[in-house]
Protein chains: 2
Amino acid sequence: MSERSAAQHSDMLLFLTDEQLRQGIEAMFFAYQGFTADPDRILSEMAYGRAHHRAVHFINRAPGTTVNNLLGILGVTKQSLNRVLRTLIEDGLVESKVGRTDKRERHLFLTDAGAELERKLSDAQRARMRAAYRDVGAEAVTGFRAVLEAMMDKDMRRKSCALKESCT
Amino acid sequence: MSERSAAQHSDMLLFLTDEQLRQGIEAMFFAYQGFTADPDRILSEMAYGRAHHRAVHFINRAPGTTVNNLLGILGVTKQSLNRVLRTLIEDGLVESKVGRTDKRERHLFLTDAGAELERKLSDAQRARMRAAYRDVGAEAVTGFRAVLEAMMDKDMRRKSCALKESCT
DNA sequence: GTTGGAAAGTCAACAAAGCTGACATATAAT
DNA sequence: ATTATATGTCAGCTTTGTTGACTTTCCAAC
C-alpha cells in the first residue's frame, strides 16, 4: 500500500515489522545524540553539564517555578536537583526567593547571567531543530510532534502540556 | 495557511517561532524519557544500566562487530565501553572472539542468554513505539523519521544508514 | 629482517550525576 | 498541639562518562 493511501485512511491497520520499529528506535537514539551535542559542547567549556542545562531551561520556561515543581518535570530526586541548583545559585545564575503566600516554597528565577547562558544554549539547540524542520517541511514536523507526544508517558504529556499556552 | 497546502508545497518557507521550536525541544526531552523508561525499569531489576542495553542492542544488530566499531556507533570512549562489555562477558551474555585476520580485534556476539535479554528489552521498547505509531498513522511516522534523520549529525546518519538493509 | 609507529584493547583513577536513607527546619493544615 | 508538606543537607553508593599509562599486534619503511 502506498504512503498516501495509508495517510488518507488513518483508521487503516498499520503493519510494522520488527525491523521497521528497530530502525525507529535507532533513529531516536542517534537523533538524541545530535539533539544534545551542541549544548553539551558549550557546557563542557564551563564547569556545567546537561543537568544544569535542564534546570536553566525549565526555570526560564516557567519563571518562579518551585523546587518541587521542577522535580516533577525533570524526574530526578531532590538531592540530585539540589546539587545542581546550589551551584547555579552560588554562581549567580539562578535566584531563589521565599514564597509570599507559602513561605516553605522557594521560587526560582534566572538572573541576567542565567538568562544569558540559557539563550546561548537554546540558540544552539534551536538552530539545529530549525535546520531539521526546514529540511523536511511542515507536514513532517506535524508528524514528528505527534509521534513524540504519543511516545511520552501520560503524566509527562500533561506536564509538557501545562507548559504550553493553548492546552485543554 | 493550512497543513495540507503547506505539505503540498514543501518548497514553501517554513516560519517557526522560538516558542514552536521550544515546544519541539521539550517534546524531544519528554519523549526520550518515555522511550527509555521501559527498558530502564527492566534493567534496574538486574545489575545493569542503559549502557548495557545499548551494547547488547548493537551487538544483536551487527553480530561479530568489533569493539572499535561499537565505539564509533555509541560515541563513548573505549574505556567506558570496555567496563560494560567486561561485565557482560563475565556474566555470559556476550562472547568475545579474537579476530582471525587481525588478532588485535575482538569480534562480539550475543550468547543465548544475551539474546534473551535483548529480546526482553527490545520487546518493551518496540511495544511503546508500535503503540505510538498506531496512534498517529503512517503519514506521521514518515514525518517523524524524516525529522530524526535531519536532526542527527552527518556522520551518525551514515552509521545509522550502514545498519539498514537498503542504503545508498 | 628489523624496527618504529599506529591501532586495538585493558587497567587504574577520577568526575558527573543519578540514587537511597536519615535528619533538620520552617511553615501549613487539622 | 500534632501532623503533614516543602525544602535543604549530609553521607554513601552506583552507573557511566572521562584521561593517562600500558600491552599486544600489525604494518610499513628502512
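Quantities reported herein were computed from a predicted structural model and do not represent experimental measurements.
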Report summary line: Rounded to whole Å, the CD-P distance (B:Glu105 to D:dT25) equals 14 Å
**Report entry** Length of the NZ-P vector between A:Lys78 and C:dC19, whole Å
**Finding:** 13 Å
Query - Gap between atoms CG and P, on B:Leu71 and C:dT10 respectively (whole Å) - result: 10 Å
Requested in this report: In whole angstrom, give the distance that lies between atom CZ of B:Arg104 and atom P of D:dA28.
Outcome: 10 Å
Report task. Working to the nearest 0.5 Å, report the span between CG of B:Leu71 and OG1 of B:Thr77. Result -> 7.5 Å
Query raised in the report: Quick one: the side chain of B:Gln79 and the base of D:dG20, do they pair up donor-acceptor inside 3.5 Å?
Result: yes
Query - Pair B:Asp153 + A:Arg128: basic N to acidic O under 4.0 Å - result: yes
Requested in this report: Supply the atom-to-atom distance B:Phe30 CZ to A:Leu148 CG, rounded to the nearest 0.5 angstrom.
Outcome: 12.0 Å
Report task. May I have the distance from B:Leu43 (atom CG) to D:dT16 (atom P), rounded to whole angstrom? Result -> 8 Å
Query - B:Glu45 CD to C:dC19 C1', straight-line distance once rounded to whole Å - result: 16 Å
Report task. Would you mind reading off the distance between B:His52 atom NE2 and D:dG17 atom C1', rounded to a whole angstrom? Result -> 13 Å
Report task. In plain terms, say whether B:Glu105 and B:Lys97 are close enough for a salt bridge, that is, a side-chain N and a carboxylate O under 4.0 Å apart. Result -> no
Query raised in the report: Could you state the CG-C1' distance from B:Leu81 to C:dC11, rounded to the nearest angstrom?
Result: 15 Å
**Report entry** Residue met sooner reading DNA chain C from 5', once B:Leu85 and A:Arg106 are mapped to nucleotides
**Finding:** B:Leu85
